[in-house]
Amino acid sequence: METLAFLMHGFAVAATPTNLGLAAMGAVVGTMVGVLPGLGPVNAVAMLVPVVFALGLPPESSMILMAAIYIGSEYGGRISAILINVPGEASAVMTALEGYPLSRQGLAGVALSLSAVTSFIGSLLATIGIVLFAPILSKWALAFGPVEYVALMVFAFACLTGLLADQPVKALLAAGIGLALSTIGIDANSGVMRYTFDMPNLIDGLAFSTLVIGLFAISELLILLQTHHGEKSVQIPKGGRKLFNLSELRFTFPAALRGSAIGFFIGLLPGAGGTVGSALAYSTERKMAERSAKTNRFGNGDLRGLATVEAANNSASNSNFIPMLTLGIPSSGTTAIMLGVLTLYNLTPGPMLFTSQPDLVWGLIASLFIGNIMLLAMNIPLVGVFARMLTVPAWVLVPFIVVVSAVGVYSGKSASFDLVLMVAVGAIAYWLRRLQVPMAPLILGFVLGGILETNLRRALSLSAGDAQILWSSWIAIVLWAAAVAILVLPHVLRRLLPPEARLSED
Amino acid sequence: MSNNRTLGAVALLMAAILAIFGWGLVAPFAYEPVGPRAFPMITALVIGICGAILLVQGGGEAEPVNRKTLIGLIMLCLTLLIYAVLFERLGYVLSTLGMSTVVALIFGAKPHQAILSAVVLSVGSYLLFDHGLDVVLPTGLLGDLL
């Protein structure tokens, strides 16, 4: 009952005209960047970091805007996967497997509308899951002290390197680089300058917005140039039914439910978002279909495959918010950036948020419900308009991205130094990405670095320097053990996943 | 050039720099058992170990880019760098006009398309950000005009 009251309060926050407008804007922008191959929620949210400050938005409004973009891009990513067999973003890889054959058979309209509805089912169920589980988890996490936090963060890094990455060493390297970058600047405890090399611009540390824009906007442009093969002409298949019928919905509904459940639990794990969730849902559904060979059309456009993938994908992106809000541990690049934004508002991410910032937490949760309804309403009739995004030539898009990035970085500190830094970070990030070093652990390392160090030092202060305190409580021991298990588990998981799912970064 | 071995070597170099410049990080008055030096040293160790593994392992050759793409990449990086340096000196509108034209050309626009889109983008975004959203942007050479 208490939860219900909080949720109602959240709806009051989310339903103010500003926040409704921002959610709608985020839904449109998110779907648009989701449609564009190469650009995903990470890039859009990264570019928006400085903009929300320039606009002077309160924290709950910026979170609502960013969350809408995040969820919207999951809806958008499926459009290009179904129409042109190019996933609009990483987690739509599995969508193309069944979606594109359907569209080749003249069923593009059916595939698009059905996947919009199953996306909605996945999102809705996961959001209900957030309402049910997040408050309980946050209450439990209130008992966490510095010792448990250190173990929790090690667990988060283990998840990222073990579950997500094809090459764990490179993921760990990325996390290490992120941690190292987080130490730049004045050390709050002792006043010592670390790695500032006498540059006044570095005393406050690397600016978060400069780093994320370099990592996710500028490096993306270089990747775009590499993959740019002139303009593709996109033809949206004409004719055919625009909407699925009831028997198709009944046929795919159980698959959507299974996908939602799988996505939900995968999304809870730090580091494993929609990509892993949808891959696991797809292979589960495929195995189940193979048992009854009569109706099995997997590989040639099976509606159940499409439905389960989209449900899992959206469910995982929504359940991602649970570890982010309750533990302060982001599970994807996008939620890591959102968490970084919270710290820019001087809010400490973690279980305290539920009690100290109910407006923010419940407003965000309520806005997920509202945003998903908006996205469903938008995505069925307007799918043709969004698909038009695919015809915008790169030479219009790229200068626009540079301008938004540069203005964003400049508005933070009004210094050319940060612009040069942004370009340098972008070029280095491009090189790292070419070598398949994932960017999500890097940004996670940067965001969590400060919190990890503070808690480590606090824990060791309590024990006067004795490292044994780090495994002195049973919660900490469980987390350390889980971290070890996670590093071993992927070798088992990898056998379960189809090969297409192995490379993921979101 | 672009393979795990190079990456490993660069990581080791980074670890060394972190360790060398971090060694002197000692607080003048220590209130706590763990000072400002420990954490950077742990990260240097993590990076160093990863670097060593990659260096020994080798392999992982990145897909080579063709000459045309390579020239494009270098041009794009240089353009962005020059844009960053001239952003304040020339002012927002002029520097964006130049950057946008060159970048559009790199991405395959025809000259008239590049120039037209650059004019629309630089003036339009200036009006949007500076006048619409109150983000103060440098006026530079056009200082009196704007």
Side-chain angles (χ1 to χ4, degrees), chain A residues 51 54-55 167 169-170 172-173 175-177 179-180 183 187 189-192 194-195 197 218 221-222 224-226 228 230-231 393-396 398-400 402-404 406-407 410-411 414 416 419-420 422-424 426-427 430-432 434-437 449 452-453 456-457 460-461 464-465, chain B residues 2-4 7 11 14 18 21-22 25-28 30-36 38-40 43-44 46-47 50-51 53-54 57 60 62 65 69 72-73 76-77 80-81 83-85 87-88 96 99-100 103-109 113-114 117-118 121-122 125 129 133-137:
Chain A
V51 177
L55 293 175
Q167 307 189 56
V169 179
K170 289 181 183 173
L172 188 62
L173 174 66
I177 295 173
L179 291 174
T183 61
D187 172 41
N189 282 24
S190 62
V192 172
R194 298 195 290 189
Y195 306 115
F197 302 103
I218 301 299
L221 301 181
L222 295 164
L224 269 180
L225 181 61
Q226 195 187 319
H228 164 76
E231 312 316 327
W395 55 265
V396 173
V398 174
F400 176 76
V402 176
V403 162
V404 176
V407 171
Y410 187 81
S411 71
S414 294
S416 295
L419 289 174
V420 176
M422 165 189 91
V423 177
Y430 167 74
W431 183 69
L432 290 174
R434 252 176 69 83
L435 291 167
Q436 276 152 23
V437 178
L452 175 60
E453 184 181 7
L456 182 66
R457 284 162 81 168
L460 291 171
S461 291
Chain B
S2 291
N3 57 31
N4 287 351
L7 180 63
M14 185 178 171
L18 283 171
F21 286 93
L25 296 175
V26 183
Y31 302 103
E32 41 175 11
V34 182
F39 194 73
T43 62
V46 171
I47 295 172
C50 292
I53 294 174
L54 289 169
Q57 224 173 35
V65 289
T69 311
L73 286 170
L76 185 55
C77 284
L80 293 178
L81 198 64
Y83 180 53
V85 173
F87 194 79
E88 280 187 319
T96 302
M99 177 281 296
S100 179
V103 170
L105 288 173
I106 294 174
F107 276 88
Q113 292 172 325
S117 67
L121 181 67
S122 55
S125 63
F129 287 118
L133 298 175
D134 280 336
V135 178
V136 181
L137 294 169

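Throughout, a chain's letter reflects where its sequence line sits, starting with A, and its residues are numbered from 1.
Heavy-atom pairs under 4.5 Å with chain A peak, among B:V85, B:L80, B:L18, B:L137, at B:L18. Across B:G22, B:A11, B:A114, B:P40, the residue that shares the most heavy-atom pairs under 4.5 angstrom with chain A is B:P40. With respect to chain A, the highest number of heavy-atom pairs below 4.5 Å among B:G35, B:S117, B:A118, B:S122 belongs to B:G35. Chain B forms the most heavy-atom pairs under 4.5 Å with one residue out of A:V396, A:T183, A:L221, A:L172, and that residue is A:L172. If you tally non-hydrogen atom pairs under 4.5 Å between each of B:L73, B:L54, B:V136, B:I53 and chain A, the highest count goes to B:L73. Heavy-atom pairs under 4.5 Å with chain A were tallied for B:A104, B:A44, B:A38; the largest tally goes to B:A104. Ranking B:I47, B:V103, B:V46, B:T69 against chain A, the residue ahead of the rest is B:I47, based on heavy-atom pairs under 4.5 Å. The residue among A:L456, A:I218, A:I177, A:L432 with the most heavy atom pairs within less than 4.5 Å of chain B is A:I177. The candidate from A:D187, A:V398, A:V420 with the greatest count of non-hydrogen atom pairs under 4.5 Å with chain B is A:V398.
Interatomic distance, CG of B:N3 versus CZ of A:R434, reported as 10.5 Å (0.5 Å rounding). For the atom pair CZ of A:F400 and OG of B:S100, the computed distance is 11.5 Å after rounding to the nearest 0.5 Å. The CG atom of B:L105 sits 9.5 Å away from the CD atom of B:Q113 when rounded to the nearest 0.5 Å. The line from CE of B:M14 to CG of B:L7 is 11.0 Å long, rounded to the nearest 0.5 Å.
A:A464 touches chain B through its backbone: at least one of N, CA, C or O sits under 4.5 Å from a heavy atom, while the side chain does not. Heavy-atom distances place the side chain of B:L121, and not its backbone, under 4.5 Å from chain A.
The closest side-chain donor-acceptor pair between B:E88 and A:S416 falls under 3.5 angstrom. B:Y83 and B:T96 are linked by a side-chain donor-acceptor pair at a separation below 3.5 angstrom, with hydrogens and angles left out of the test.
Below 30°, between 30° and 60°, or above 60°: for B:F21 and A:F197 the angle between ring planes is above 60°, a perpendicular geometry.
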> Taking it one step at a time, do A:L222 and B:C77 satisfy side chain to side chain contact (heavy atoms under 4.5 Å, CB included)?
Replying inline: CA-CA 8 Å; A:L222 295 164; B:C77 284; 3.8 Å; yes

